[in-house]
Asker: 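Below are the structure tokens for one structure; questions will follow.
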Number of protein chains: 2
Amino acid sequence: MGNVRQKDIAERLGVSMTTVSRALNGSGRVKKETCQRVMQLAQESHYMVNSLARSLRLSDTRTIGIVVPDISNSFFANIIKGAQGICHDRGYMLMVCNSDENPLYEEGALMALLEKQASGVIIASVGGSRETVNGYRRANIPVVYIDNVPSDAADYDLVSIDNYKAAYALTQIVVKRGYRKIGMITGPRKQSSARMRYEGFINALSDAEIPNNADWIREGEFTLESGYAEMMGVLSLERRPAAMILSNNKLAYGAIRAIYEQGLKIPEDVAIASFDAIDGTGLVRPQIVSLNQPAEEIGRRACQMIIDKLTGESSGQERHVFLEPFLSEGDSL
Amino acid sequence: MGNVRQKDIAERLGVSMTTVSRALNGSGRVKKETCQRVMQLAQESHYMVNSLARSLRLSDTRTIGIVVPDISNSFFANIIKGAQGICHDRGYMLMVCNSDENPLYEEGALMALLEKQASGVIIASVGGSRETVNGYRRANIPVVYIDNVPSDAADYDLVSIDNYKAAYALTQIVVKRGYRKIGMITGPRKQSSARMRYEGFINALSDAEIPNNADWIREGEFTLESGYAEMMGVLSLERRPAAMILSNNKLAYGAIRAIYEQGLKIPEDVAIASFDAIDGTGLVRPQIVSLNQPAEEIGRRACQMIIDKLTGESSGQERHVFLEPFLSEGDSL
DNA sequence: TAGCACAATGTAATCGTTTGCGCAAGTGGT
DNA sequence: ACCACTTGCGCAAACGATTACATTGTGCTA
């Protein structure tokens with residue numbers, strides 16, 4: 001209540017708001033002494049700018065939004081950390097939103113960010129953005145996708161790994177270890193990351209002249225429960241695979257739980273390889289062989305890309321940045 | 001860039017801004033037909049409110065800030081999830097900030113939220129808030145602490161477990177299992193949660209008439225590295241403890257790593273009990289005996305408390321809400 | 001001594017919404 | 001025919017900052 005405004009300072013000092021504003025922002029043309037008087041009174045009276053007013057006037061919020069499906073997944077948490085680092089350095093604020101894997105929430109978050117006049121957004125989409133993203137296009141606000149490419153948008157900016165190549169490579173690794181009965185639990189294939197991984201897997205098998213068995217290839221949900229359920233399905237088969245590739249960490253955790261629950265051994269009975277199953281504790285057993293996205297770097301690059309667009313340091317052209325995944329070894333294969 | 005404003009709609013329809021605003025907000029006194037014409041044109045022309053202007057005028061952003069030390073710690077991630085659920089239901093937006101365990105960043109985040117006119121904030125403080133929190137007091141913006149109580153503030157609102165009681169209880173559990181040589185690695189004791197847990201531990205020991213051994217009690221940092229280092233110190237002692245209590249999940253992971261690295265067995269050589277070492281994957285070995293804070297519930301309650309204060313449903317009085325921790329069993333003890 | 005450059009400051013418009021107050025026209029009861 | 005309401009709408013002032021465009025005063029030059 002009664003927060004101090006520039007107007008108050010101006011009146012108290014018998015100067016105009018112009019002078020106060022100029023003094024506070026150091027934007028020249030104010031006598032040194034006046035400037036100091038303003039500064040001092042501002043300090044004493046605990047003046048703080050009202051960002052709303054400022055942003056409204058300047059049409060610039062210096063705020064970047066990021067929407068992720070699951071903030072408690074360390075993969076996304078690390079992306080956020082990366083983005084936040086850049087934001088902090090460059091004087092931006094990062095607004096984090098969680099879509100809870102729900103396209104409707106994703107849409108809602110994007111809408112809210114748009115209304116709040118975010119300067120740009122980073123989206124790890126789960127599919128629900130078409131309509132709102134057009135709003136960003138119209139408003140000419142930079143949007144960068146991470147992890148997933150949008151299912152529809154025509155041209156877009158992207159920071160991610162090459163999921164096709166990664167899946168191909170991971171499958172090759174499994175093959176090289178001598179496995180030939182290989183299956184996969186994919187994420188929802190309407191999400192590009194899941195689909196590309198699926199395709200990489202299929203093509204790697206076929207290039208290795210290994211037939212793929214449809215029973216061993218299942219479409220799941222990027223959740224622990226789904227991993228468990230699908231793996232249970234696979235394990236109940238007459239003919240079981242010798243190795244399974246999991247499209248994501250949660251799927252892997254669920255799947256492994258299912259395997260153990262059936263009293264089976266990893267990797268003797270079923271071997272496991274996964275994506276992004278990186279272990280922050282160092283205590284997960286088995287240690288999962290996993291191909292990981294460089295999460296923090298993805299966050300950093302995406303954020304940098306937004307800021308570049310904002311400062312005009314980047315041409316308006318569509319840009320896809322592909323980063324290299326890294327392998328973490330383990331005893332699950 | 002040519003974003004549609006109410007003014008544009010008004011001109012196009014030959015009505016006043018008042019009418020447009022009323023129609024869009026459904027705040028009465030507009031003919032049904034006019035209202036529909038406005039709505040339709042708004043839709044067609046992709047009108048969106050400018051939250052900045054709206055909030056500025058209303059002096060209300062419907063935005064709640066939350067500042068946590070480490071977003072990639074699942075404990076905090078779950079708090080955020082809880083808070084976000086409530087916010088979403090009540091039409092608020094949650095702004096998540098990460099302080100990275102750094103008091104300066106914490107201060108910065110609080111400052112930014114204040115300037116952005118957040119309607120309220122939730123803080124899991126690591127100690128750097130004194131100055132800025134006064135700003136909130138002056139502006140009469142509700143602040144709710146979680147996890148940690150502020151080191152200085154006189155009266156404050158809090159949602160947390162009773163850390164003293166919890167530590168006392170956990171220690172009792174360890175004692176009841178027959179351990180008498182018990183040590184603890186605490187967090188930074190200038191943080192209240194760490195200090196209270198330390199005191200609960202000490203008093204539980206003394207009430208059980210077990211002498212405490214200063215060599216086994218160490219002050220660490222709530223990080224994996226610190227857990228590792230301090231545990232290494234403890235293990236290098238002539239006389240080792242039979243059980244160690246870890247004040248936090250990260251400390252526990254680091255400590256366990258150290259124990260294994262020394263070729264020791266858990267719980268035979270050293271037993272382990274911890275706080276908040278809850279395992280999302282179900283694959284962490286050993287399964288850690290842990291007393292956990294109900295993270296999502298903390299987030300929900302804190303958020304609810306803010307909103308209650310905002311809507312005047314709560315008296316201005318200081319409120320401390322203590323929730324019950326829950327035990328997860330394991331084989332580490 | 002007029003003219004000029006430049007420093008220091010002020011006036012007022014602007015960003016996009018909301019809303020108190022006022023006004024005109026319509027409705028219905030007596 | 002009059003009064004009391006209600007309905008539908010508009011004017012213009014906020015909210016708090018920034019800034020283009022004056023305006024004033026000062027010292028210096030020609």
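Proteins come first, then strands; the chains are lettered A, B, ... in the order of their sequence lines, and each starts at number 1.
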Asker: Has A:Arg54 got a side-chain N or O lying under 4.0 Å from the OP1 or OP2 atom of D:dT18?
Answerer: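 For D:dT18, OP1/OP2 do have a side-chain N/O of A:Arg54 under 4.0 Å.
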Asker: Between D:dA17, D:dG8, D:dT19, which one does the side chain of A:Ala53 approach most closely?
Answerer: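 Of the options given, the side chain of A:Ala53 lies nearest D:dA17.
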Asker: Roughly, in whole Å, what's the span from CD in A:Gln6 to C1' in C:dA12?
Answerer: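 Taking atom C1' of C:dA12 as the reference, CD of A:Gln6 is at 15 Å.
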Asker: Among D:dC11, C:dG20, D:dT7, which is the nearest nucleotide to the side chain of B:Ser16?
Answerer: D:dC11
Asker: If you pin A:Lys32 and B:Lys7 to their nearest nucleotides in DNA chain C, which one's is more 5'?
Answerer: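 The residue whose closest nucleotide sits nearer the 5' end is A:Lys32.
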Asker: I need the A:Leu41 CG to A:Tyr47 OH distance, nearest 0.5 Å.
Answerer: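 Nearest 0.5 Å value for the CG-OH distance: 11.5 Å.
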Asker: Identify which nucleotide among C:dG20, D:dC9, D:dA17 has an atom closest to any side-chain atom of B:Arg29, counting heavy atoms from C-beta outward.
Answerer: D:dC9
Asker: Provide, to the nearest angstrom, the distance between the CG atom belonging to B:Asp60 and the C1' atom belonging to D:dA14.
Answerer: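 My rounded result for the distance is 16 Å.
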Asker: Have a look at B:Ser59 and say if it touches a base, only the backbone sugar-phosphate, or nothing, with a 4.0 Å heavy-atom cut-off.
Answerer: nothing
Asker: Classify A:Thr34 by what it touches in the nucleic acid, base, sugar-phosphate, or nothing, heavy-atom distance under 4.0 Å.
Answerer: sugar-phosphate
Asker: Using whole Å, what does the distance between atom P of nucleotide D:dA17 and atom CD of B:Glu115 come to?
Answerer: 10 Å
Asker: With a 4.5 Å cut-off on side-chain heavy atoms, are B:Arg62 and B:Met93 touching?
Answerer: no
Asker: So B:Thr18, base contact, sugar-phosphate only, or nothing? Heavy-atom distance under 4.0 Å.
Answerer: base
Asker: Could you please spell out the steps behind the side chain to side chain donor-acceptor pair (under 3.5 Å) verdict for B:Ser55 and B:Gln117?
Answerer: CA-CA 9 Å; B:Ser55 297; B:Gln117 315 294 113; over 6 Å; no
Asker: Of the nucleotides D:dA17, D:dC9, C:dT17, which one has an atom closest to the side chain of B:Lys31?
Answerer: D:dC9
Asker: Out of C:dA8, C:dG10, C:dT19, which has the shortest distance to the side chain of A:Val15?
Answerer: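 It is C:dG10.
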Asker: Mind calculating the distance between CG (A:Asn3) and P (D:dC15) to the nearest angstrom?
Answerer: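 In whole Å, D:dC15 P and A:Asn3 CG are 13 Å from each other.
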Asker: Identify whether the distance between the nearest side-chain nitrogen and carboxylate oxygen of A:Arg300 and A:Asp89 falls below 4.0 Å.
Answerer: no
Asker: Just compare D:dC9, D:dC21, C:dG16 and give me whichever is closest to any side-chain atom of B:Arg5.
Answerer: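 That would be C:dG16.
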Asker: Using whole Å, what does the distance between atom P of nucleotide D:dC21 and atom CE of A:Met17 come to?
Answerer: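 A:Met17 atom CE is separated from D:dC21 atom P by 19 Å.
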Asker: Could you report the tightest heavy-atom contact between A:Cys87 and A:Leu94, atom names first, then the distance?
Answerer: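 Closest approach of A:Cys87 to A:Leu94: SG-CD1, 3.9 Å.
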Asker: Can you measure B:Leu24 atom CG to C:dT19 atom C1' for me and round it to whole angstrom units?
Answerer: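 Going from B:Leu24 (CG) to C:dT19 (C1'), I get 15 Å.
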Asker: Rounded to the nearest Å, what distance is computed from the CG atom of residue B:Leu56 to the P atom of nucleotide C:dC15?
Answerer: 14 Å
Asker: Using only side-chain N and O atoms of A:Asn25, determine if any of them is under 4.0 Å from OP1 or OP2 of D:dT18.
Answerer: yes
Asker: Rounded to the nearest angstrom, tell me the gap between atom CZ in B:Arg22 and atom C1' in C:dG20.
Answerer: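 Roughly 9 Å, once rounded to whole Å.
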